[in-house]
Every structure is written in C-alpha cells, then in structure tokens.
Amino acid sequence: SEPVSCTGGRADMSLDGLRRTFREHVFYTQGRFPSVATRNDLYMAFAYTVRDQLLHRWIKTVEQMAGKDLKIVSYLSAEFLLGPHLENNLINLGIYDDVLGIAKEEGFDIQVIFDQEEEPGLGNGGLGRLAACYLDSLASLEVPAIGYGIRYEFGIFDQEIRDGWQVERTDQWLRLGNPWELARPEITCRVSFGGRTEPYQDDRGRYRVRWIPHRTVKGVAYDTPILGYRVNTCNLLRLWKAEAIESFEFEAFNVGDYYGAVDEKIYSENITKVLYPNDEPVQGKQLRLEQQYFFVSCSLQDMLRIYKLGGGKLDRFSRHFAIQLNDTHPALGVAELMRLLVDEEGMDWEPAWDVTCKTFGYTNHTLLPEALEKWPVELFAGLFPRHMEIIYEINRRFLDEVRRRWPGDEARVARMSLIDESGGRFVRMAHLACVGSHAINGVAELHSRLLKEDVLRDFHEMTPEKFSNKTNGVTPRRFLVLANPGLTRLIEGKIGDTWIRRPEELRKLEPCADDPAFREEWRRVKLENKKNLARVIRERTGIEVDPASMFDIQVKRLHEYKRQHLNVLHIIALYDRIKRNPSYDLCPRTFIFGGKAAPGYFMAKLIIKLINSVGDTVNRDPDVNGRLKVVFFPDLNVKNAKFIYPAADLSEQISTAGKEASGTGNMKFSMNGALTIGTLDGANVEIREEVGAENFFLFGLTAEEVYSLKRDGYRPMEYFQANPELQRVVERIASGYFSNGDRELFKPLVDALMFHDTFMLFADFGSYADVQGRVDEAYRDREHWTRMSILNSARMGKFSSDRAIREYCEDIWKVKPVPILLE
Ligand code: 8GP
C-alpha cells in the first residue's frame, strides 16, 4: 500500500511548526486560551506537541516493518521504571533548545513545566529501571522491539519522612491524565483463572485437554511510544490494564445479578490496581500471581495475533519473536505458550516445546536464595489447573532426561525438579524459566559465575551452552545528557558528541585529565551540580548543606544486604572521633542517603529511622562545627535521581560481596565523575577493572571469603571485641544517644548485628573505616581527585546499555537493526 503521508501539519518540526502545534494543543486538546491555561495545561500541550512527533515516527516504523521478514524482541517485564518522558523525548528528537526557546517566547519557565510531569513509577528499583534503559537502547540501536508489562494504576508509593520514619502515600500518577499513552480499547485479550480441565478427543481422534475456567477478565492495551536517540525508530511499550468483560456477557454467569456484576467488575480491575512494593518476591500472594499470569497471557496472545497477521506458520514463531523474561515474574509464559500452541492452536507437544524453548531467554537478577520465586502448588493449581498439568508434563520429560544423564542420582532429581517437595510443595519459577529457555544469563561477570557455581549449578552442569553473562548497562542519554547538561557541554567542547551513541569514545577524554584548565572546568561543573542538589535538599528537608564539602552519597532501595547501616556505623565513628577530640582533622563531608523500604520490611524502615536520628544529633551538635552533615533525601525516584548522581563526589557501593547481582546506580555515579568506595561485588568488579584500581576505593571481604567465613561459623562478637572503635559506635546506638535515651528503639538492629550479623558488617567495618580514611586524604588533593574523577567518566563506556543490548541482540536474540526512514 501507499506510504501514509503525515508530513506537514503536526509533523512539522520547524520552530514555527512546533510553536503552532503547541498553541493548537492549548486550544483544541486542553480547551483553554493562553491567559487561563494552568501549568498542567501547558505541560499537556507540550507533551502532545512532542507526542505528535513520536507518532509520526511510530507510524513510519510500523509501516516500514510490516511485511518484512524480520525478528522482533519482546521484553517481558512486570516492571518498567521509566521516569519522566518529556525531557527525554526532547533530547532524543534533538529539539530541546527549540522548545526552551518557545517556552521563553510564550513567557514561562520550562523547568516548571518539566516539573509538572508525574513520573510513571511502575517499578521498584534496579530491575525495573534496567528494563527502561533497555527500551531506550533498543530503539536507539534501531532494533524492532516491544516492551510488555502491566499498567499499574498505582505505581511505587511516594515516600514521606515523618519524625524520621518512612510513611507511604499512594502514587497517583494518572490523576491528571497521561498524555504519553494511547488507549487501545480495540486491542483486548481474554485471560482466565480457576476452574477445571477436561479431556476430549479432537476431530482427528487425538487426545486433547480443554480448560473450563471459573472466571475470565479482559486485558486492554495501553501503548506508549519509545523513541530512540536521534533515529526514527519508535518502538512500543504495551502495558495491559485489567477490566471486567462486557456486562451483557456476564449475565450468562449471574442471571440478573446486578450487584454480583458490579463485584465482578471490581474484582477484575483489582488485578492491575497496584504494584507490589517489594524488591524481593512476594511469597504466596494470590493477586501477585494473578498479575503475572494476566500480563504474560495478554502479551503472548498479542504476539501470536501479530504473528498471524503476517501469515506465518506457528512452527516458525521463534524466527520472528525473541522473548526475554526479565527475572521469573513472567516465567509462567513458558507454560502459557505451550497451552496456547497445544490446546488453542492444536500443535503437538514436541514441536510446540521446540518453539517454546527457542523463543524464550531468561535473565536472573538475584543471588539471594530467599528471593527465588516459588508458589505453593495448591494456590497455583487452583488458579491455573491446566498450566499445572502442563508443568507436570514438562517436568516429567525433563526429569526423565536428568535420570538418563545421571542414573540413580535421585538427590539431583529432587534438586532440579520444577516442584520443590522439601517441605510443602512449591512450583519453582526459576527452574521453569531455565528448562523452557535456550539462553540463561546473569547481569554481571561475578553474578553469572556464582549462578553457575551455586544457585543454578545443576542446570549449568546439564546445559552449559545455555549460560552466558550480560553485564548490565545504563542509558547515557538519561543519566548523563539529561541529568548533567553542564558536564555534557564540557565534554562536547573537547570531543564532540558522537560518544552519546558510542560511549566507548569517552576514552578520548583521558588526556584531558592532565590538563589543569580542564580540571578546573570539571570542578566548576561539579560544584554547580552540588549547589543545585543543595538547593533541592534545602527545599525538601530544610537542611543546609555546604557544596564545598565532599558529597558522599548512597541512594538505592533500603536492604540489609546493601548495608546502608554500615555507612551509618562509619558516620558514628567519625562523630565519635570528633567528640573525643574536638580538633580532629576531618575533611568536611555531607552524607546523603535516599531510597525506599518495602512497607513490610521492619529492619529496613528502622535503618531509615536510624539515619534520620543520627542526622538530627550530628547536624545540631556545635562540636561538629560543619565537618559532618547527614541527610536523608525523601522519595527517591527517577525524577529526583537526576539531581543526585551529577552532584556526587563519592559513590557508596558497599553490599556484602556475593549479594548484589550487579547494581546500576554504581554505573550512573561513576559516569558522572564520582569515585566509588565499594566491595568486590556485582558490577563493581568490572567498574574497577575499567577505571583502574588506582581510581577506585576497594575494601572488604571477597565473595569467596564471605562464603568460607559463613561455612566455618561467623562470630560477629569476635570482630566486636577486637575493635574498640566499633564498640563505642555500637554503644552509642544501644545507649539511646541518638534516640533521646530510648534504649529500646534501635535494639532490634543492635541485636541483629551482635548476635547474627547476617551481612557481615562487623567483619568489614575495620577495612571500610580504613579506606574511608584514605578517601579523606585523597579528597584533600583536589587536583589528583579531579584527575581520578575525569578518568572515571572517560572509562565508563562499557556500562552503556547500548553495549549490553548489542550483546543480547548478537548472542541471544539474533536480531538485526532495521533503520527507519522518515519520508
Ligand atoms: C536487581 C539487583 O538487585 C541489582 O543488583 C541489579 O542491578 C538489578 O536487578 C538489575 O539487574 N534486582 C531487583 O531489582 C529485583 O530483583 N527486584 C524484584 C522486585 C522485582
């Protein structure tokens, strides 16, 4: 067919065109004239102006892909932590300055407009943000891709700090409308739950099974265009919302039962109401399992629908779709694709299984054994009677194979089974994902190695060829160009802007580290960024911080393994030194924390309280005299993070070795010129390799040492008794020094450390405090520090999500870019 013409009109990206489109949207979309337009009207009009540009490219993308023999990546993720769209799209379109100009002409401050955008917080942290970075890179590399997920009505809660405690508030991101999405009421899927199964013979006399479900809901597609950086590829993020099926249809179920019908509606809509705010799996919650199945089933039905439009034969499905499972949340997809192919499409088991395994890849994101998802068989079979049968059949065939390879090794069979029977019966989602995928990967070198040696050892022994590493990356567009315009300009002045697409070219900056004038400029930019953060901190917390002090920052989800409390122990040690010796020579430091705690994670919330309590005491103590400040930055999200990464001097990456799969905040900091103090954990190992050991502050036990110490019986008390400073620190907390004499408040924390110390803070405390001493010294030599800072940025190219996505494309997905032309 003829290419669709959408040139001129709203596709006009000239200054005049943009201005005209903007004014039209104020009028015809928002229904306002300029003098009464609210801030939100202006934001919406800008957003629609930009969206018009995206839609133009989106249509071109779809048009030029249709009918081509290409392969599409389908990224299945329960979370996408996108962050605000407007600024990012302006950068990717290359019209940032134009829009700034228009705003000025029309007489308003564009920052106020940017600030109006509510970010879609549809994720908890690392895993969800990684999915968003990968969407950016897929589009920027011109790879055809669809992100599939859930349109949560309420995303991650907003965090407030009251009296030092975290208080959760509902996130109302859709309250004023979402200009970035298009509702597709005509793209719907039916998803069923419960009921029973029944055997029958099909017209060819074959044994078949039919599922007679108990209830059915409808999934409606909501599409968000995802534009690449300075390319015309505009991919699709398709999020599913649950609704009740049409009312006339449920009369069949509830004859004349109006109230029953309304209940049904509420019940159905509940499925996509709210994101579970945990960064570990929610064990045993039916609604969570329903969410997973709901979005996976909708997405697979949608892919099959799209595939059939092209007239493809089902046994060739895997040549046209590569599906990536972002952790095990979508792992049910393995059983669902089998059900769709066998029960709905009438394929035989073996070819269907072949298609399934060739289609799926699985990324693991955690080493914590307690974080491996498993579902009680009873719950699972109740909701998905047919999938349970399919999983048993997958398992039967799989365990036969295990027994053939390792005759008589029943212990191995029990370990590898898809069903955990070691006390209660559970479906092991990671095992389902491993068996049903042709590729399995970890997210950093160390993590991938530990997966092979430990968590997924048996699977690695059986199919080593499935395993690989794909070290995480982050998008330099959002985390450098957008977050740090000052540094971007400075870098561009030296090496141009090609590094934004090819960050390896940042290496060209290395010689500038030896240029005193450049170092001076580098420091000036950092200072501006710190002033900016200081202003935001003042606005949000009332605390005054000194931009001349060292900004030492730890922002990430609150978790004991991430050891924010190790950082606090060190702060108390410094405070204790000042109290014992008022003239103690300390380079002034501002400690900044940020991050949310799962609402039910008592210890994490108590750590937030401790940070704030220590802050209250230290910040007010005249003896400290400006040498120490402690701030808890409330409500860390993508929007706020942009003030934080560019302002850091020191990045805290201090997890117990062997616990953090990769980390991605570590990359965002270092890209922005912060030096890292960290353990040999996750991607820290590779960051240190890239930037050079001399530009990285390493401390602590290695993963191997952590394992052997645990194996031989770790006794925290021994470390405690050997370190008088540690004793004084713990004593200050235990005595109620930071809690108005209340000795009970922090007792759970103190006891956990003294008697268990699962994450080995005491074992690492000495080494951490020593290396912090070296940080203090290094910061005094500002020229040398700046050198190290420049080298950190210059050597971070590897950690661009573009590199990561290229590896996935080549090794796992076997997909190629498809350049899109505008005309
Ligand atoms: C995180 C890992 O903890 C982090 O090390 C890694 O960088 C990140 O994934 C991206 O690979 N894992 C999660 O965020 C996670 O498991 N979240 C669950 C709540 C879904």
Side-chain angles (χ1 to χ4, degrees), residues 75-81 121-135 137 149-150 152 155-157 274-283 285 288 291-292 295 324-331 362-373 429-430 433 441-448 450-451 455 469-475 479 555-563 595-601 604 636 638 653-670 678-679 681-687 703 759 799 801 804-805 807-808:
Y75 200 83
L76 252 57
S77 179
E79 304 190 0
F80 287 94
L81 192 44
L122 310 185
N124 275 287
L127 169 140
R129 182 55 232 178
L130 186 77
C133 284
Y134 282 0
L135 291 185
S137 285
I150 300 173
Y152 300 105
I156 187 70
F157 62 85
V274 56
L275 167 77
Y276 277 93
N278 297 62
D279 53 356
E280 265 177 42
V282 207
Q283 306 285 10
K285 285 270 183 287
R288 169 75 176 182
Q291 288 185 336
Q292 296 184 351
F295 98 90
Q324 195 65 23
L325 302 172
N326 198 23
D327 216 282
T328 54
H329 317 138
Y362 159 51
T363 306
N364 172 292
H365 293 269
T366 185
L367 286 163
L368 304 178
E370 68 273 23
L372 292 177
E373 254 190 312
M429 302 308 273
N441 74 282
V443 291
E445 292 282 354
L446 174 67
H447 171 231
S448 295
L450 295 175
L451 279 183
V455 186
N469 172 57
K470 297 286 169 280
T471 298
N472 282 166
V474 301
T475 169
F479 291 104
V555 288
K556 48 182 81 244
R557 283 300 287 246
L558 264 290
H559 204 296
E560 286 164 284
Y561 85 78
K562 294 178 188 282
R563 302 199 294 192
K596 295 174 187 178
Y601 189 172
L636 178 72
V638 181
Q653 308 300 335
I654 59 178
S655 52
T656 315
K659 299 289 177 198
E660 187 72 274
S662 163
T664 44
N666 45 4
M667 302 168 186
K668 297 165 194 167
F669 276 114
S670 180
T679 48
D681 199 16
N684 294 353
V685 179
E686 291 155 78
I687 292 177
F759 298 100
F799 303 99
S801 43
I805 283 298
E807 292 178 4
Y808 278 97

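As the structure lists them, so they are numbered: ligands from 1, and atoms in each ligand from 1.
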Worksheet item: Heavy-atom distance under 4.5 Å between the side chains of Leu451 and His447, does that happen here?
Response: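 A side-chain contact exists here, since the closest heavy-atom pair is under 4.5 Å.
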Backbone N/O of [Y] and side chain of [X]: donor-acceptor pair under 3.5 Å:
X	Y	value
Asn441	Asn469	no
Thr679	Ser655	yes
Gln291	Val274	yes

Discussion item. Can you tell me which portion of Val443 lies within the under-4.0 Å heavy-atom range of ligand 1? Options are side chain, backbone, both, or neither.
Written reply: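 Contact part for Val443 vs ligand 1: side chain (C-beta onward).
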Students should be able to answer this: which protein heavy-atom is nearest to [atom], and at what distance?
atom	answer
atom 16 (O) of ligand 1	Asp279 O, 4.0 Å
atom 13 (C) of ligand 1	Leu127 CB, 3.5 Å
atom 11 (O) of ligand 1	His365 ND1, 2.6 Å

Atoms in ligand 1 with a heavy atom of [X] nearer than 4.0 Å:
X	value
Glu660	2 (C), 3 (O), 4 (C), 5 (O)
Glu79	19 (C), 20 (C)
Asn278	19 (C)
Gly663	4 (C), 5 (O), 6 (C), 7 (O)
Ala661	5 (O)
Tyr561	3 (O)
His329	20 (C)

Worksheet entry | Between Thr363 and Asn326, a side-chain donor and acceptor under 3.5 Å |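 No.
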Item to complete: Determine whether the side chains of Asn472 and Thr664 contain a donor N or O and an acceptor N or O closer than 3.5 Å.
Response: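 No.
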Worksheet item: Should the ring pair Phe759 and Tyr561 be called parallel, tilted or perpendicular, given that the plane angle runs from 0 to 90° and is split at 30 and 60?
Response: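 Taking Tyr561 first and then Phe759, their aromatic rings sit tilted (interplane angle of 30° to 60°).
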Discussion item. Would His329 and Phe295 count as a ring-ring contact (aromatic ring centres under 6.0 Å, His included) here? Give the steps.
Written reply: CA-CA 10 Å; His329 317 138; Phe295 98 90; 8.8 Å; no
Fill in: Distance-only N or O hit between ligand 1 and Asn472, under 3.5 Å
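There is such a contact, yes.
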